[in-house]
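By convention here, the first residue in the shown sequence is residue 1. Values below: every heavy atom of this structure, side chains too, minus hydrogens, waters and symmetry copies.
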Amino acid sequence: MQRRDEERLILVTNDDGYGAKGLRAAIEVARRFGRVVAVAPAEMQSGMSQAITMFNPLYLKRVSEEEWGELYAFTGTPVDCVKMAFDYLLRDRRVDLVISGVNHGSNSAVNVLYSGTMGAAIEGSFYGCPAVGLSLADHRPDADFAAAVHYGEQIVRAVLDGQIERPLCLNVNVPQGEPREIRGIRVCRQNRGFWREEFFRHEDPHGRTYFWLSGSFVNHEPEATDTDEWALAHGYVSVVPVQVDLTDYARMTALRRALSTE
């Protein structure tokens with residue numbers, strides 16, 4: 001039997017910080033399905049992946065209590081925020097869903113490995129609860145999150161109806177545009193592409209050399225029509241089911257022949 005919406009507890013987090021516009025969009029999705037507790041980084045934590053804080057003290061502050069639930073700022077990483085929620089704040093309560101986002105910018109392709117947004121979603125799935133990472137392919141501070149809310153609601157409803165086997169973690173990316181401009185949802189695979197970085201060398205006013213990181217994404221399979229990159233480029237919301245097992249099973253037989261001493 002499915003639990004009634006008012007009995008559900010939804011954990012929301014992100015990597016852009018507790019004041020980010022995208023966090024409010026994620027809360028807007030979550031509040032439609034139950035009570036919300038949002039625990040988000042006190043400062044920007046983009047690109048932190050699965051990082052955890054081990055050698056610095058961590059500070060938790062309740063920012064607000066509203067009709068939909070509570071918002072906390074935490075001085076750790078996105079994964080720290082999830083751990084704080086499950087292992088301290090909500091340790092005696094059942095969490096029904098984790099929503100991480102909505103991120104400013106896509107987390108398609110290899111970005112899933114660098115993303116603090118997806119790091120938090122993956123961490124949430126470790127606790128046996130379904131998790132959804134939501135990202136919008138728009139870095140602008142004034143980005144319109146209406147489409148992310150619209151499609152986020154559809155996807156969360158499907159996750160909570162119990163038809164999809166758990167554990168479950170989804171990497172959801174929404175293209176720019178109004179909801180009516182988006183062509184639909186495509187379940188797809190992660191694109192095989194990588195970032196090629198470039199370091200720009202500068203000097204500070206004291207004559208010390210410093211570097212600024214930039215780069216560009218290289219799509220190694222631009223013609224493939226079953227990837228998240230293709231979906232986004234063609235106006236679809238991409239949904240990629242994410243697993244934590246990184247074992248390269250296809251190479252195990254050859255490696256056993258070459259290396260095994262059994």
Side-chain angles (χ1 to χ4, degrees), residues 12-17 20-23 25-26 29 40-41 43-52 77-82 98-126 131-141 143 145 147-148 151-152 155 168-177 182 185-199 212-246 248:
V12 173
T13 189
N14 73 349
D15 70 359
D16 289 320
K21 186 178 177 181
L23 184 73
V29 173
E43 298 178 350
M44 165 73 76
Q45 295 283 339
S46 183
M48 294 302 287
S49 186
Q50 298 290 142
I52 57 175
T77 66
V79 167
D80 289 332
C81 291
V82 174
V98 174
I99 299 177
S100 184
V102 176
N103 190 66
H104 286 259
S106 168
N107 278 314
S108 60
V110 75
N111 292 315
V112 68
L113 296 178
Y114 301 118
S115 165
T117 299
M118 285 308 300
I122 291 167
E123 186 69 24
S125 72
F126 292 166
V132 178
L134 285 172
S135 302
L136 177 69
D138 192 340
H139 289 278
R140 296 175 301 175
F145 286 88
Y151 283 98
I155 291 164
L168 176 70
C169 183
L170 300 180
N171 182 15
V172 178
N173 288 279
V174 181
Q176 288 188 40
I182 293 173
I185 299 172
R186 286 178 68 103
V187 176
C188 41
R189 65 175 175 86
Q190 178 183 323
N191 174 268
R192 298 188 185 97
F194 302 92
W195 284 92
R196 289 295 174 256
E197 277 72 26
E198 186 174 2
F199 288 89
W212 200 263
L213 175 64
S214 184
S216 58
F217 180 76
V218 180
N219 187 341
H220 286 186
E221 45 180 355
E223 303 305 320
T225 61
D226 61 343
T227 73
D228 49 8
E229 283 291 314
W230 187 94
L232 288 171
H234 290 79
Y236 291 95
V237 175
S238 69
V239 177
V240 177
V242 176
Q243 64 180 11
V244 177
D245 185 354
L246 299 180
D248 187 349

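Take Asn103 and apply the side-chain hydrogen bond (donor to acceptor under 3.5 Å, both in side chains) test, not counting sequence neighbours, and it matches Thr117. The ring pair (Phe, Tyr, Trp, His ring centres under 6.0 Å) test applied to Tyr114 returns no partner, not counting sequence neighbours. Tyr236 pairs by the ring pair (Phe, Tyr, Trp, His ring centres under 6.0 Å) definition with nothing, not counting sequence neighbours. A search for side-chain contact (heavy atoms from CB on, under 4.5 Å) contacts involving Pro241 returns Leu170, Val187, not counting sequence neighbours. Qualifying side-chain contact (heavy atoms from CB on, under 4.5 Å) partners for Leu246, counting only residues two or more places apart in sequence or in other chains: none. Take Val244 and apply the side-chain contact (heavy atoms from CB on, under 4.5 Å) test, not counting sequence neighbours, and it matches Ile122, Phe126. Under the salt bridge (charged side-chain N to carboxylate O under 4.0 Å, His left out) criterion, Arg196 pairs with no residue at all, not counting sequence neighbours. The ring pair (Phe, Tyr, Trp, His ring centres under 6.0 Å) check on Phe217 picks up Trp195, with sequence neighbours excluded. In this view, Ala137 and Ser106 satisfy the side-chain contact (heavy atoms from CB on, under 4.5 Å) rule, not counting sequence neighbours.
Among residues at least two apart or in separate chains, salt bridge (Lys or Arg N to Asp or Glu O under 4.0 Å) pairs with a member in residues 223-245 are Arg189-Asp226. Applying the salt bridge (Lys or Arg N to Asp or Glu O under 4.0 Å) test to residues at least two apart or on different chains, the pairs with a partner in residues 107-126 are Lys83-Glu123.
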Would you be so kind as to tabulate the donor-acceptor pairs closer than 3.5 Å made by side chains of residues 45-52, with sequence neighbours excluded?
residue: Ser49; atom: OG; partner: Leu113; partner atom: O; Å: 2.7

